[in-house]
Amino acid sequence: MLLPESIQSLINSLERLPGIGPKSASRLAFYLLRATDEVSQDLATALANLKANTAFCQECFNITEAGRERCEICEATRRDGSLICVVEEALDVLALERTGGFQGKYHVLQGVLSPIEGIGPDDLKIKQLIARISSGGIKEVILATNPSMEGDATALYLRQQLEPLGVRVTRLASGLPVGGDLEYADEITLSQALEGRREM
Ligand SMILES: [Zn+2]
């Protein structure tokens, strides 16, 4: 049986989201079909506003409000601009900010190297990181990618790339769950990982 075009196209769109397979996509689509108008309307509005009202900081690639060139963290003069913490996603910035223990600045890669998913160095904000460091004033780069296979491989790649630039390169200490996500680490674990970062 063929589904009406509007349902099929919603299923197709949902299927493209990470972690959503065909079954989950169908379930969500049918849930939305049965839900009140308000539920689907809120979702539609949130999706439409997502791109319209946000932008990426042109310095660190964190999320910022549309129309702003630099995010609040990059613009904060009281923060230490000689220390850059490299993370995978903007959510990791939030997690580290919640610890309140980091006073440097960030660089959001917007992903990790993943040969399986066809994500190479050019798909991430690596060139921009190198350009930032090359422009001077940076003493230490903390590689805070997730303690996963991809996160470790990305950190290793970055260390090789950063070596000729003469900056100190450190990696978050272990204690973070292997294969885990920075985003879900509790504040104490994350604070300790930051505190105990080691040379790479
Ligand atoms: Zn920024």
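Whatever order the structure lists them in is the order used to number ligands and atoms, beginning at 1.
In the model, Glu88 has a side-chain atom that pairs as donor or acceptor with a side-chain atom of Asn146 under 3.5 Å. Glu140 and Thr170 are linked by a side-chain donor-acceptor pair at a separation below 3.5 angstrom, with hydrogens and angles left out of the test.
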For this session: Please lay out, stage by stage, how Lys105 and Asp80 fare under the test salt bridge (Lys or Arg N to Asp or Glu O under 4.0 Å).
Result: CA-CA 7 Å; Lys105 303 211 170 171; Asp80 183 359; over 6 Å; no
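Of the charged side-chain nitrogens involved, none lies within less than 4.0 Å of a carboxylate oxygen, so that Glu199 and Arg171 do not count as a salt-bridged pair.
Clustering ILVMFWY residues whenever any of their side-chain heavy atoms sit less than 4.5 angstrom apart, transitively, puts Ile84 in the very cluster that holds Leu156.
Inspection of the environment of the Zn ion (ligand 1) yields the following protein N, O or S atoms under 2.8 Å: Cys57 SG, Cys60 SG, Cys71 SG, Cys74 SG.
Considering Glu65, Arg70, Glu69 in turn, Arg70 is the only one that fulfils the side chain to side chain contact (heavy atoms under 4.5 Å, CB included) rule with Cys57.
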